[in-house]
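Chain identifiers are assigned alphabetically (A, B, ...) following the order of the sequence lines, protein sequences preceding nucleic acid strands; residue numbering begins at 1 within each chain. Any value given below was found using the heavy atoms of this structure, including those in side chains, with hydrogens, waters and symmetry copies removed.
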Amino acid sequence: MVELILFVILSAVVIGGALSMVLGRNPVYAAMGMLATLFGLAVIYVIQLAHFVAVVQVIVYAGAVMTLFLFVIMFIGVDKAQSMEEGLAWQRPAVLVVVAAIVAAVGGLVLSGRWEWITGDRITSGGQLAQIPEAPNGTIEAIGESLINRWLLPFEATAALLIIASVAAIVLAFYRPRRVSPATEDSE
Amino acid sequence: MVDERTERGTTELWVSGTEEPDWLVAGTDEGAQLMQKEETVERTIEQRGTRVIDDFVIDDSIDSDERMVVNMGPQHPSTHGVLRLHLELEGEIVRKVKPIIGYLHTGMEKTAEELTFLQGPTNVTRMDYLAPLHNELVFSLAVEKLLGIEMPPRAQAIRILMTELNRISSHLVAAATNGLDIGAISMMFYGVREREMILAFLEKVTGLRMNHNFIRPGGVAADLPDGWQDDIAGILDRMPEALVEYDQMLRYNHIWRGRTVDVAILTEQEALAYGITGPTLRATGCEWDLRKSEPYSGIEQYEFDIVTASNGDAYDRYRVRMDEIAQSLRIIEQVANTMPLGDYKADDAKVVPPPRKRIDESMEALIHHFKIYTEGFKVPEGETYVAIESPRGELGCYLVSDGGSKPLRMHIRAPSFANLQALPIMMVDSMLADTIAAIASIDPVMGDVDR
Amino acid sequence: MGPVEAFLAGMRVTFGHFVRAFFGGKGEVTIRYPDEMRVKPQRFHGRHVLNRYPDGMEKCIGCELCAGACPAHCIYVRGKDNPADDPVSPGERYGFVYEINLLRCIFCALCVEACPTEAITMTQLFEMSTTNREDGIYTRTELLVNPDGTPNHMFTEDPYADLGELVKADGWMRAAAPGGRAAYEGETAWTPSAGIGARPPELGQSEPVVDEDGDD
Amino acid sequence: MSEMASDQESEGEVHPLVVESRPLPKATVLASLIEPFDDAAWELSFGQDVVVLPRAQLRDFAAAAKAAGFEMCVDVTAVDHHRARRERFELVVNLVSQRHGMRLRIRLIIPADDPTVPSLVSIYPGTNFFEREVFDMFGISFDDHPDMTRILMPDDWQGHPLRKDFGVGSVPVQFKESHQVT
Amino acid sequence: MDGWDFLLIVIRVVVIFVMLMITTLLLVWFERKVVADMQDRIGPSRAGPWGILQTLADGMKLFFKEQITPRKVEFGLYIAAPILATVPAFLIFMAVPFGRPFTLTLGGEPREILLQGADLNIGLLFILSMSSIAVYAVVLAGWSSGSKYPLLGGVRATAQAISYEAALGLSVIPVVMYTGSVQLSEIVEFQRANLQFLGNVIPFIPNWNLFLLAPSFVIFFIAAVAETNRAPFDLVEAEQELVGGFHTEYSGLRFALFFLAEYINMFTMSAIAVTLFMGGWSGPTWDGVLPALVSGVLPTFWFFAKVVVLLFVYVWLRATLPRLRYDQLMEFGWKRLIPGALAWLMIIGVVLAWRQFGNPWS
Amino acid sequence: MARLTTPPNLLTMTLGGAVRWAQTRSMWPATFGLACCAIEMMSTGAAHNDIARFGMEVFRASPRQADLMIVAGRVSQKMAPVLRQVYDQMADPKWVISMGACASSGGMFNNYALVQGVDHVVPVDVYIPGCPPGPQSLIHGILTLQDQIVDGALAR
């Protein structure tokens, strides 16, 4: 019962945070919304007894990633008016299509009664939801087992991909076009 | 974009970057003063010939929109009083600096025209309040030059003794504030602690801790008090230990070196072009000390060395000051050992008030006494410029007399005033934190700047 | 010096001070004002007093020399002829109004040097803080010492004021008395005051040099 | 322009400040420096070398002085001889040569009706603040100065304080019993 | 879980809260006194005996002071920032054991009472996560003030926190590897034995991680000083450059909260260092020799004594060292501390693997 | 007159009294140094006079956190608006000490450039004569101010 109440509250926090992130005009407030989402998720993990995941979520996402976001936002300067021009002309329709597809997929699944695809719950033969097993004490071992032993290759591949992506981001960020001509500079 | 920039120029934040009331913008619009001409990258690098911290971001394709204008001061903890710096920042990097001064303008040169030559020292002593005795000395020397009177040797020796002590106390404050600005808070207390010892001696001699009104045209106001040798011996005893302590606190410390070495570099050519004198000039390697090149008040009798350094960075300026303390101690020791006996005021009844006993004895003395204290003494017509080496550089006094008892014009050439011009060139493209080190390293005294 | 060595050297300095201050309190140089007073030098420029002769007569003759010498123009004096039956001062006139605006005073002691009768001298009182500008203006009532020589104070109930400092009141006057003449050093050249009496001069230069020409 | 004329007229009034005068030793730096400038007059004021120049030649002279080894300009100031002289202002420039170990003072007579002087900033950048101060205090403006604004007084200040016709601006000192009659 | 357990939790939380408040009161006074002694002064001496109530006076004054809200602030975040600073500071200490557990019979059954907020099995990670949250307060305060100096302080704080967070985390991993646990109570328990070195048990010397993992301790302590924004890493509020840094625009109670958080952080960081490297509350208790109450309290005493030593070092550093510059700070963090921590981590890994799996050549 | 030399009785203290006690024991000055007096203010903070004894070594650079503005030095016409703004930025309760002759009345510089007394710009609670007042004079001024606060004359 307590878990359900907590879950509802936290879900509200998560959804509210996500909405405020998407809808917030001010990038700092958007970042704060995302932080709330991350926190809500972390607490949900705690309720699920996945302490390690929760803590890592906070350390990595809230502690490092979001801080970097904020750093970038502050450096770029938040006082400037946000550019409302859309870079891609077909952005809106594309988004609509994607949203429609997701909604359709979820609706189809719900209508067809395949709940377990969404919730991931195992359904016993009796049609009852399987009992969630007690998380093993010290989920660190379990995660370590799967990451470092079982899924080592995908894990390392992901890490390499992330590094490549970040290097690329840095290169792109610091790319500056050459000055056109001194004449334009003088006219400024 | 141009409009936006000029508009921004006028409405910059005032104090500690906080809100500005509307009436204030109308009050004084110093912000309207435009910055100096923009410096191009090439010129900066060529001019400074130094390491540029981020060779990457300097790129004039960055429009000035990305710059943040920050007003440092006038009320800011590290501007040594009421200096105001107009900084253009790119992140943490200072792109342009303009010092704005005048927040302590006291109109002393005007007041000097209202005061007699006898009262004059009370005025000039308040200019450079860290080296009041130097101010009194240069004024007195100028007046004496116009009067054409010679000082007895004891007066000269007392003057040298007092000014060199004052130099030490001034350099101690420079070291203390320099330490405080870079975050070494204990240095502030240690520096002032030793200064307190010197001030105690000055107070014993002159009765005041600062703004002494002790060196006057015609000599010094009073003789050294009984037992002064012991106090000097105490100072000479303690100071070398203290200097070792300071060195251990700062000079060898690698954080300190990191904060000052290669920071705020000034080359010799720049220093000379900008009329910069004193330790700031000597730190660039220029061997120029008025105590040697134009000796005053008999300082040529004493042995000492000109302290120089070669890099012209903040560390060198600090080091030159610290080493000058040691040299001043040498002079003080010699003065104390060879202090001549005799009169300590010139033998000129028209200029120097008579001894108190003579007032009772002689009618002539009484008349002189009255005349000197009411209308003052007359100084022959003429103009002269006298310069001495104050702790901050060449302290000059340009004095014009029209033959009356008040100066027609008294101008003090303030070393800090000229030295402050070094700030923009030494700060460009340094970090924000380095501006603090730069200000502290040239040790400006705003009273001296604004007068 | 290596980085670690230099770092330790600096740490040793502060720790040394800590040990000296913490164990035994020898390192501390603080003067615990107001619980204890600093030893002020004799020539200290403090608040002014108007002196009296030992017989209670006022020394001030209202000549306004102090007002003329003052660079801050903070002294206001008006002389008045002494009443014949009850003279206030030995001279012809006395200081009828005597005011010092201490908020303008810069304590340069030119008034002390200017005064021909040693009427105005400086005590070692420095506790003069006021809560309004008017209290910073000391009138004759407060400046003039009592007939027994004790000084008045504007705030007699001020617990911090050290009123026993009169004994050194004429320090600067005596220091400036020889007027630069070595021959006059070590000579008492002033009249005694009420409460203080005749004060000896400073020793001066240990070997006084006789001034050849003698006059000035 | 009227500068030359005014200089000649006022010449007789400049010299009262000269206390002694001795022939210039030809061999000195000073002699070779002054030689090309016909209107420059050399004086000795209390043992200090002073050159009195017409103001049009200031910049040329300063450039020549810098070439001759006067590396530093330590001071620029002005004097107001209000009512005492017809040409009211006087600009004083102090040069220092470390190479020769000497000082040189340049004095310029500036009339009150046209208080402008060529700026020395292009030759001695260090005169920047000093010239601004002179402008602020005396209202003598410097041609070609990069930033001829007030430096010590607020920007909106009226008048130039160190002129003799600018009052000191003192207020009466407060006293309590000064109204008492004797 | 019955009522007694619940009550015990509440009591523990309250006790820790009160303890932290009192500690802060004393800590500020302690710092000012120690710095004063180092500078040949007396320090606060007029508020209470030896000035011990100085912080109380500060707090009361700030409590009754006007709270100015400047016009340009982003109000919500401006208000939230001080709270965000204080809450993690309190939360961190919840995981730190500060005394030996003892047994008490309550409600008819013996209960073990931990002197610890909560004995989390991921205690160490919890601490790291909470300390990574603490930076938000500084960043948000700097940004929401709508003023330039605080903004610069906020930007500096972000960069500093990210850099030194990494060093902090890396310096802790050897401890985890060596002791084999991230639970703080177990780490303390591990250090209660005598020192084991090269297979020999050395008597009289406790098995503190400080001895065998000294590089980790040094890195941890440096990173901790940087995390708490204390000198010489106090660029965030560098008074000489940034006036007050992020808290320039804060006044009254809101400023007091920042003040409080800074000192609590300082205390908790020292407490964690003690727990991880200096044996926590372990120490001689002379059970049986001394009365039970005394030997029960002694571990807490040892804990605080060790913390005070570290706090002294904090203050000592502040009194001695000049402040680093921003780029030097980054350089030191990324080019010295983190590579150093990584190298040390590898060494420890090899050593431990050797110990566990034996000589690879055999 | 209740004096600081007699310690207050903590048991019988009222809330107002306690607040005033706290305010006097923890009066954080703003770093508002202008001229000569600023150097003496610095000396007051230094080892020989140690203003920390009164809990005042916490010189706040940000006026928001300061309780006491020590106007240490001459206030020029150009500085006066800045002074006023700093005062306005300070949070109540706030006090002003006018230190030295120049701040109190213009001192010997009775001329165009200076504000003849800082009380033209901000309300002043305590004036300290002297040029500059020595550290102990400043401490006396601070004690006078504290007495006034404890007495309730200046309590805000």
Checklist entry - Angle class for the B:F139/B:F117 ring planes (parallel below 30°, perpendicular above 60°, tilted otherwise)? => result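 The arrangement is parallel - the two ring planes meet at less than 30°.
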
Checklist entry - Does B:A176 have any side chain to side chain contact (heavy atoms under 4.5 Å, CB included) partners at least two apart in sequence or in another chain, and if so, which? => result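 By the side chain to side chain contact (heavy atoms under 4.5 Å, CB included) rule, B:A176 matches B:V192.
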
Checklist entry - How would you list, by chain and number, every residue that makes a side chain to side chain contact (heavy atoms under 4.5 Å, CB included) with B:H171, sequence neighbours excluded? => result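 Expected list: B:R167, B:P279, B:R321, B:E324, B:I325, B:P391.
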
Checklist entry - Got a second to check how far B:H86's NE2 is from B:I100's CD1, nearest 0.5 Å? => result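 Separation between the atoms: 6.0 Å.
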
Checklist entry - When only pairs under 4.5 Å are counted, which of F:A38, F:A47, F:C36, F:A113 shares the most heavy-atom pairs with chain B? => result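 So the answer, after comparing F:A38, F:A47, F:C36, F:A113, is F:C36.
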
Item to check | Partner chain B: residue of F:G106, F:S43, F:G73, F:G130 with the largest heavy-atom pair count (under 4.5 Å) | outcome: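 Looking at each of F:G106, F:S43, F:G73, F:G130 in turn, F:S43 comes out on top.
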
Checklist entry - Quick one: does NZ or CZ of F:R25 land under 6.0 Å from the six-membered ring centre of F:F54, within 45 degrees of the ring axis? => result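 Ring-cation test returns no.
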
Checklist entry - Which of residues 196-203 of chain B get closer than 4.5 angstrom to chain F, counting heavy atoms alone? => result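 Checking residues 196-203 of chain B against chain F gives B:E196.
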
Checklist entry - Applying a criterion of heavy atom separation less than 4.5 Å, what residues of residues 121-131 of chain B form contacts with chain F? => result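 So the qualifying residues are B:T122, B:N123, B:R126, B:M127, B:Y129, B:L130.
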
Side chains of [X] and [Y]: do they bring a donor and an acceptor to under 3.5 Å?
| X | Y | value |
| --- | --- | --- |
| F:T144 | F:D147 | no |
| B:S405 | B:T116 | no |
| B:S390 | B:H134 | no |
| F:N111 | B:T111 | yes |

Is it the side chain or the backbone of [X] that comes within 4.5 Å of chain B heavy atoms, both, or neither?
| X | value |
| --- | --- |
| F:C131 | both |
| F:D50 | neither |
| F:A35 | both |

Next on the checklist: I'd like to check F:I128 versus F:S98 (side-chain heavy atoms, cut-off strictly below 4.5 Å). Are they in contact?
Outcome noted: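 Result no, sub-4.5 Å side-chain heavy-atom pair not found.
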
Next on the checklist: Please determine whether salt bridge (charged side-chain N to carboxylate O under 4.0 Å, His left out) holds for the pair B:R451 and B:E109, giving the CA-CA distance in whole Å, both sets of side-chain angles, and the decisive distance to 0.1 Å.
Outcome noted: CA-CA 7 Å; B:R451 301 186 297 286; B:E109 293 183 0; 3.0 Å; yes

Checklist entry - Between B:R238 and B:E194, is the closest basic N to carboxylate O distance under 4.0 Å? => result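 Between B:R238 and B:E194 there is a salt bridge, with a charged N closer than 4.0 Å to a carboxylate O.
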
Item to check | F:E40 bridged to B:R209 by N-O distance under 4.0 Å | outcome: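 Salt bridge present between F:E40 and B:R209.
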
Most contacts with chain F, counted as non-hydrogen pairs under 4.5 angstrom, among [options]:
| options | result |
| --- | --- |
| B:T106, B:V173, B:L208 | B:T106 |
| B:Q119, B:M210, B:R193 | B:M210 |
| B:G447, B:G102, B:P132 | B:G102 |
| B:M188, B:E114, B:M108, B:K110 | B:M108 |

Item to check | Interchain contact, B:V445 with chain F, by part (heavy-atom threshold 4.5 Å) | outcome: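 For B:V445, neither part sits under 4.5 Å from chain F.
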
Next on the checklist: Between F:Y112 and B:H105, is the side chain to side chain contact (heavy atoms under 4.5 Å, CB included) condition met? List the steps.
Outcome noted: CA-CA 10 Å; F:Y112 64 94; B:H105 178 58; 2.9 Å; yes

